[in-house]
J.: 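Questions regarding the structure given below will be posed in turn.
Computed from a prediction, not measured in an experiment: that's the story for all the values here.
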Amino acid sequence: YSVLIDASGNILETEVEIKMEKLPADAIAYVSKNYAGQKIKEVAKITDSRGVVTYEVEVKGKDLIFDNSGKFLKEVKD
């Protein structure tokens, strides 16, 4: 579990590790199709200060970011 806090002490986001099976179905399908056979290092559910949920899958030195419904949003290099 990790928490990102600003200088004023406000929580900006929380991140909790989850199992791959807890991802939305579309996110699982995307990872299975585009990264078949690759080792998944971490899967996390991220909630920002407004309650917006995104998911992060770490694979091949990249973070894949998905929205709450499992739609792929972006890829971020680690």
Side-chain angles (χ1 to χ4, degrees):
Y1 210 103
S2 66
V3 179
L4 182 61
I5 300 172
D6 70 12
S8 300
N10 300 307
I11 295 176
L12 300 177
E13 73 177 30
T14 61
E15 181 175 327
V16 62
E17 192 169 341
I18 61 172
K19 294 186 182 294
M20 184 75 172
E21 303 82 45
K22 297 288 186 183
L23 283 175
D26 286 350
I28 293 171
Y30 182 93
V31 173
S32 297
K33 177 182 176 192
N34 295 289
Y35 295 90
Q38 300 295 322
K39 181 174 175 15
I40 305 298
K41 290 182 117 184
E42 181 186 21
V43 179
K45 178 180 178 180
I46 301 169
T47 307
D48 73 11
S49 61
R50 295 167 295 162
V52 176
V53 172
T54 55
Y55 295 93
E56 174 187 271
V57 177
E58 186 179 340
V59 61
K60 289 186 77 171
K62 304 171 192 170
D63 290 333
L64 308 176
I65 309 299
F66 299 89
D67 70 9
N68 193 40
S69 66
K71 178 182 172 197
F72 176 74
L73 297 176
K74 64 183 175 180
E75 179 182 293
V76 180
K77 293 243 186 213
D78 259 357

J.: Could you grab the distance from atom OG1 of Thr54 to atom CG of Asp48, nearest 0.5 Å is fine?
T.: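 The CG atom of Asp48 is 7.0 Å from OG1 of Thr54, to the nearest 0.5 Å.
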J.: Indicate, with yes or no, if Ile28 and Ile40 share a hydrophobic cluster defined by side-chain heavy-atom contacts under 4.5 Å among Ile, Leu, Val, Met, Phe, Trp and Tyr.
T.: yes
J.: Does Val59 reach the side chain of Leu64, with side-chain heavy atoms less than 4.5 Å apart?
T.: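 With C-beta onward as the side chain, the pair touches.
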J.: Is there a path of hydrophobic side-chain contacts, each under 4.5 Å between heavy atoms of I, L, V, M, F, W or Y residues, that connects Val53 with Leu12?
T.: no
J.: Do the non-hydrogen side-chain atoms of Glu15 and Lys45 ever get within less than 4.5 Å of each other?
T.: no
J.: How many angstroms lie between atom CG of Asn34 and atom CZ of Phe72, to the nearest 0.5 angstrom?
T.: 8.0 Å
J.: Give a yes or no on whether Val16 and Val3 share a hydrophobic cluster (residues Ile, Leu, Val, Met, Phe, Trp, Tyr; joining criterion: side-chain heavy atoms under 4.5 Å apart).
T.: yes
J.: Could you check if a side-chain atom of Lys19 sits within less than 4.5 angstrom of a side-chain atom of Val43, using non-hydrogen atoms only?
T.: no
J.: Rounded to the nearest 0.5 Å, what's the gap from NZ on Lys62 to CD on Glu56? Could you check?
T.: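 Rounded to the nearest 0.5 Å, the NZ-CD separation comes to 14.5 Å.
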J.: Is any side-chain heavy atom of Val31 closer than 4.5 Å to a side-chain heavy atom of Met20?
T.: yes
J.: Drop me the distance from Ser2's OG to Glu17's CD, to the nearest 0.5 angstrom.
T.: 10.0 Å
J.: Check for me, please, whether Tyr55 and Tyr35 land in the same ILVMFWY cluster - side-chain distances under 4.5 Å, paths through other members count.
T.: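 Same hydrophobic cluster.
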J.: For the residue pair Ile11 and Ser49, what are the closest heavy atoms and their distance?
T.: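 That would be O-CB, 3.4 Å.
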J.: Distance from Ile46 atom CD1 to Asn68 atom CG, nearest 0.5 Å?
T.: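 Nearest 0.5 Å value for the CD1-CG distance: 12.0 Å.
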J.: Linking I/L/V/M/F/W/Y whenever any side-chain heavy atoms sit under 4.5 Å apart, do Phe66 and Val76 land together?
T.: no
J.: Hey, does Tyr30 have a side-chain heavy atom less than 4.5 Å from the side chain of Val57?
T.: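 They are not in side-chain contact.
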J.: Evaluate Leu23 against Ile18 for side chain to side chain contact (heavy atoms under 4.5 Å, CB included), listing each step before the verdict.
T.: CA-CA 8 Å; Leu23 283 175; Ile18 61 172; 4.3 Å; yes
J.: Enter the distance from Lys60:NZ to Gln38:CD here, rounded to the nearest 0.5 Å.
T.: 4.5 Å
